Amino acid sequence: MSVPSDAPKKTRRWWKWIKRLLLAGIALLVLVVVFHAPLLRWTIGYGGPKGAEMAGIKLKWQVDGSVLGDLRLSGIEASGSLVERATIGELAADYDGRRKFYSVKVAIRFGMVQRSSC
């Protein structure tokens, strides 16, 4: 009893899963490349206050502009263990992200800086 040589070969289960994982990874990479600017803005808007909260500071700000061109942080308010309350009007950075940061212009506009003594 011999098996004919032209019998179809079984595909291995793990190979199907590897193909599926590779396709899912490529799809996620394409989504990140297409939506990189909103993802960077979300990271700055969410990660900054969360990181400051771990240090014991409550931080609020609005993220405006493009992360790759002109970034503006407005309505910056901080309060917590180090500072009772601090407010900065706007922090703006104008640069060209595609030219490898050859020229970076940073402007800080202080709205109402308030400092309270303990």
Side-chain angles (χ1 to χ4, degrees):
M1 298 208 177
S2 65
V3 178
S5 63
D6 60 340
K9 292 185 177 181
K10 284 184 164 182
T11 58
R12 296 186 178 154
R13 258 188 206 180
W14 58 270
W15 184 245
K16 285 183 183 180
W17 282 104
I18 288 177
K19 284 183 186 178
R20 289 176 186 167
L21 287 174
L22 282 173
L23 286 175
I26 290 171
L28 284 175
L29 183 65
V30 167
L31 285 174
V32 166
V33 167
V34 170
F35 297 110
H36 66 279
L39 287 173
L40 288 173
R41 284 186 56 191
W42 177 82
T43 302
I44 291 171
Y46 180 78
K50 284 294 181 184
E53 188 177 320
M54 286 192 284
I57 299 170
K58 292 190 184 223
L59 180 66
K60 295 181 202 172
W61 61 29
Q62 294 282 23
V63 180
D64 298 320
S66 172
V67 177
L68 297 177
D70 58 335
L71 179 65
R72 298 195 191 299
L73 300 175
S74 58
I76 303 169
E77 295 180 7
S79 63
S81 61
L82 297 176
V83 175
E84 188 173 320
R85 184 173 179 203
T87 304
I88 299 176
E90 182 179 74
L91 173 68
D94 295 324
Y95 53 89
D96 189 3
R98 293 187 175 100
R99 292 191 183 189
K100 298 182 183 178
F101 302 105
Y102 286 127
S103 63
V104 176
K105 299 173 189 172
V106 177
I108 300 174
R109 293 179 196 92
F110 295 101
M112 298 176 69
V113 178
Q114 300 173 353
R115 183 176 163 225
S116 301
S117 60
C118 295

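Residue indices begin at 1 and follow the sequence shown. Treat the numbers as computed from the prediction; the structure is a model and nothing was measured.
- Residues Leu22 and Trp14 share a single hydrophobic cluster, defined by chaining ILVMFWY side chains whose heavy atoms lie under 4.5 Å apart.
- Under the 4.5 Å side-chain criterion, counting only non-hydrogen atoms from C-beta, Leu71 is not in contact with Leu91.
- The shortest non-hydrogen separation linking Leu59 to Pro49 is O-CB, 3.5 Å.
- Atom CG in Leu39 sits 9.0 Å away from atom CG in Leu31 (nearest 0.5 Å).
- Across all their heavy atoms, Arg72 and Ala92 have their closest contact at NH1-CB, 3.0 Å.
- Residue Gln62 places its CD atom among 12 or fewer non-hydrogen atoms of other residues, nucleotides or ligands, all under 6.0 Å distant.
- Ile44 is listed as a side-chain neighbour of Trp61, based on a closest heavy-atom distance under 4.5 Å.
- With contacts defined as side-chain heavy-atom distances shorter than 4.5 Å, the pair Ile76/Thr87 does not qualify.
- When the side chains of ILVMFWY residues are joined at heavy-atom separations under 4.5 Å, either directly or via intervening members, Phe35 and Val30 end up in a single hydrophobic cluster.
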